[in-house]
Protein chains: 2
Amino acid sequence: MSSGAISAATVGRLPAYLRSLVELAAADTSTVSSDHLAERVGVNSATVRRDLASLGITGTRGVGYDVKYLVFEISVELGLNQEWPVAVVGAGNLGRALTNYTGLAERGFPIRLLLDNDPAKVGTTVSGVEVHPVGHLAALVRELSVAVGVIATPAEAAQEVADALVAAGVTSILNFTAHPVAVPGHVVVRRVDLATELQILSFYQQRGLASSTGVGVPLETS
Amino acid sequence: MSSGAISAATVGRLPAYLRSLVELAAADTSTVSSDHLAERVGVNSATVRRDLASLGITGTRGVGYDVKYLVFEISVELGLNQEWPVAVVGAGNLGRALTNYTGLAERGFPIRLLLDNDPAKVGTTVSGVEVHPVGHLAALVRELSVAVGVIATPAEAAQEVADALVAAGVTSILNFTAHPVAVPGHVVVRRVDLATELQILSFYQQRGLASSTGVGVPLETS
DNA sequence: TAGATTGTTAATCGATTAACAATC
DNA sequence: TAGATTGTTAATCGATTAACAATC
């Protein structure tokens with residue numbers, strides 16, 4: 001496990017490390033210790049050193065890690081040095097909100113394609129992205145080299161949309177519906193279910209478990 | 001730990017159990033085994049029995065669990081037998097998408113309050129919810145008995161909004177910005193960061209790790 | 001050299017799972 | 001009674017953390 005095997009927990013922490021490091025780089029801090037980084041991200045310093053070592057990232061004993069080097073390496077690991085064109089299926093409020101959200105393009109996920117079956121929506125434009133019929137999905141995904149598909153349709157359509165995305169060759173899917181989707185093993189799906197997030201919050205509220213769960217400092221989603 | 005202590009992992013699985021059970025109830029299945037439920041949710045049957053036992057839910061040996069009883073008990077645990085009025089801070093695309101999303105009200109989280117500092121937005125209405133100035137937050141939260149606050153503002157405002165929500169007595173917060181917020185120990189925060197979700201997807205894509213991570217069957221967010 | 005900090009081993013912790021006696 | 005399935009113990013697994021030799 002010392003090299004090559006990267007746990008899901010490690011992957012989940014990488015974006016947090018990166019955010020913290022980018023702030024340090026902006027503040028012209030050239031070097032950072034695992035202790036310092038750990039404190040900012042809210043984990044143990046041994047965990048930071050282990051996470052970085054598992055990516056093959058090394059520091060200097062007595063000194064720490066070079067911030068610029070860390071930022072570069074983690075960015076490479078997360079694929080942030082390249083663009084991942086995104087297709088959003090469903091041009092309802094959520095689909096339009098995602099398309100309008102400039103933060104995604106800034107972080108390398110430009111939304112290039114918006115699909116919907118509603119004839120009233122087809123042909124309209126959201127933040128410069130034209131809405132196309134879902135029937136054109138396969139052709140457009142290939143034409144635009146779409147790397148990530150987002151399911152922002154009603155829950156009933158989730159599986160059907162996932163199937164269409166997979167058939168078109170998309171291997172990364174973000175599912176915003178309440179309905180889990182089944183996909184072949186080479187495809188990665190993550191699900192963001194708003195009602196589930198709220199239900200988990202209300203569970204803690206109900207139980208008065210906030211402080212006993214070590215929350216307070218935010219409980220991360222991943 | 002056998003009783004009273006409920007792990008975060010267990011809490012995260014409850015909504016999935018409930019979804020599956022509701023389908024069974026609709027199909028008039030009166031009883032379910034831990035084995036059957038485990039298969040539907042994608043966990044081990046011992047985990048199901050342990051999760052349920054930790055909530056004080058018992059089944060019948062040789063028979064299984066009564067579906068209606070399970071649905072009721074888990075609903076109570078998740079607080080679904082009551083309403084949790086929600087306040088959304090930020091009436092941008094995301095805030096409006098959330099307010100328009102009927103799935104939340106259906107699952108007990110009606111959005112009762114929408115706040116924004118933009119004078120052009122104040123006074124407008126989204127799905128019947130009027131936009132109020134953020135300065136009125138404390139008074140309106142009390143008046144409407146808001147239980148959950150949602151931060152849907154630009155990242156820079158996240159901490160300020162969290163502070164205002166906490167000061168107004170809100171103890172459950174869902175944060176949609178990329179910025180983690182610090183809150184007192186009695187407050188529960190969950191964060192949903194879209195760019196982070198996409199970055200994790202692209203990491204797996206980059207590495208070709210999909211099948212080796214046991215994804216395929218969806219990797220849940222929680 | 002003295003102080004700091006990494007890289008890694010061994011200990012710990014917590015969660016998952018196999019296994020099975022209890023019992024419907 | 002025979003078959004099924006729970007409730008729970010003990011084993012396993014994986015991830016976190018303490019500790020410390022290596023070394024800048």
Side-chain angles (χ1 to χ4, degrees), chain A residues 1-14 16-17 21 24 29-67 69-70 73-74 209 212-215 217 219-220 222, chain B residues 1-14 16-17 21 24 29-67 69-70 73-74 209 212-215 217 219-220 222:
Chain A
M1 171 161 300
S2 65
S3 125
I6 293 158
S7 74
T10 295
V11 178
R13 280 188 293 265
L14 294 182
Y17 291 151
L21 288 164
L24 290 172
T29 308
S30 67
T31 234
V32 64
S33 68
S34 57
D35 227 23
H36 185 66
L37 197 46
E39 195 180 351
R40 291 178 135 246
V41 173
V43 299
N44 183 282
S45 70
T47 298
V48 172
R49 294 196 294 279
R50 176 148 294 206
D51 285 346
L52 298 179
S54 78
L55 295 170
I57 295 175
T58 57
T60 307
R61 289 169 206 240
V63 178
Y65 299 85
D66 183 80
V67 172
Y69 164 69
L70 266 190
E73 287 296 332
I74 295 180
L209 286 179
S212 69
T213 53
V215 192
V217 176
L219 184 88
E220 293 296 332
S222 77
Chain B
M1 171 160 301
S2 64
S3 124
I6 293 159
S7 74
T10 295
V11 177
R13 280 188 294 264
L14 294 182
Y17 291 152
L21 289 164
L24 290 172
T29 307
S30 67
T31 232
V32 64
S33 69
S34 57
D35 228 23
H36 185 66
L37 197 46
E39 195 181 350
R40 291 178 136 246
V41 173
V43 300
N44 183 283
S45 69
T47 298
V48 172
R49 295 196 295 279
R50 175 148 294 201
D51 284 347
L52 298 179
S54 78
L55 295 168
I57 295 174
T58 58
T60 307
R61 287 168 207 242
V63 178
Y65 298 86
D66 183 80
V67 171
Y69 163 70
L70 266 190
E73 287 296 332
I74 295 180
L209 286 179
S212 70
T213 53
V215 193
V217 177
L219 184 88
E220 294 294 332
S222 75

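Within every chain, numbering begins at 1; the chains are lettered A, B, ... in the order of the sequence lines, protein sequences first and strands thereafter.
By the side chain to side chain donor-acceptor pair (under 3.5 Å) test, A:Thr29 pairs with no residue at all, sequence neighbours left out. Legend: residues meeting salt bridge (charged side-chain N to carboxylate O under 4.0 Å, His left out) with B:Arg40, ordered by chain and number and at least two apart, are B:Glu23. When the side chain to side chain donor-acceptor pair (under 3.5 Å) test is applied to A:Thr10, the partners found at least two apart in sequence or on another chain are A:Ser7, A:Asp51.
Going from atom CG of B:Asp51 over to atom C1' of D:dG7 covers 13 Å, rounded to whole Å. Atom CD1 of A:Ile6 and atom P of D:dT16 are 14 Å apart (whole Å). When rounded to the nearest whole Å, the span between CG of A:Leu37 and C1' of C:dA4 equals 17 Å. B:Arg13 places its CZ atom 9 Å from the C1' atom of C:dA15, with the value rounded to the nearest Å. Regarding A:Leu70, its CG atom lies at a distance of 10 Å from the P atom of C:dT6, rounded to whole Å. D:dT16 atom P lies 13 Å from atom CG of A:Leu52, rounded to whole Å. Rounded to an integer number of Å, the gap from CG of B:Asp66 to P of D:dT6 is 13 Å.
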Protein proximity profile, nucleotides 17-24 of chain D - base contact B, sugar-phosphate-only contact S, no contact -, cut-off 4.0 Å on heavy atoms:
BBB--BBB
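Over its full length, the helix from C:dG3-D:dC24 to C:dC24-D:dG3 turns its helical axis through 10°, comparing axes from the five pairs at each end and rounding to 10°.
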Mind listing the side-chain donor-acceptor pairs of residues 58-66 of chain A below 3.5 Å, one per line with the distance, residues two or more places apart or on another chain?
from	atom 1	to	atom 2	distance (Å)
A:Asp66	OD2	A:Lys68	N	3.4
A:Asp66	OD2	A:Tyr69	N	2.9

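Nearest heavy-atom pair across A:Leu14 and A:Ile74 is O-CG2, 4.0 Å.
Side-chain contact between B:Tyr17 and B:Val32: absent, with no pair of heavy atoms (C-beta onward) separated by less than 4.5 Å.
Here NE2 of A:His36 is found 11.0 Å from OG1 of A:Thr31. Values are rounded to the nearest 0.5 Å. A distance of 7.0 Å separates CG of A:Leu52 from CG of A:Leu37, quoted to the nearest 0.5 Å.
A donor-acceptor contact under 3.5 angstrom links the side chains of A:Ser45 and A:Arg49, judged on distance only.
A:Ser45 comes within contact range of no nucleotide atom at all, as no heavy-atom separation falls under 4.0 Å. Residue contacts shown for A:Ser34 are limited to sugar-phosphate atoms, with no base heavy atom under 4.0 Å away.
You'll find that the side chain of A:Tyr65 is closest to C:dT6, out of C:dT6, C:dT16, D:dT5.
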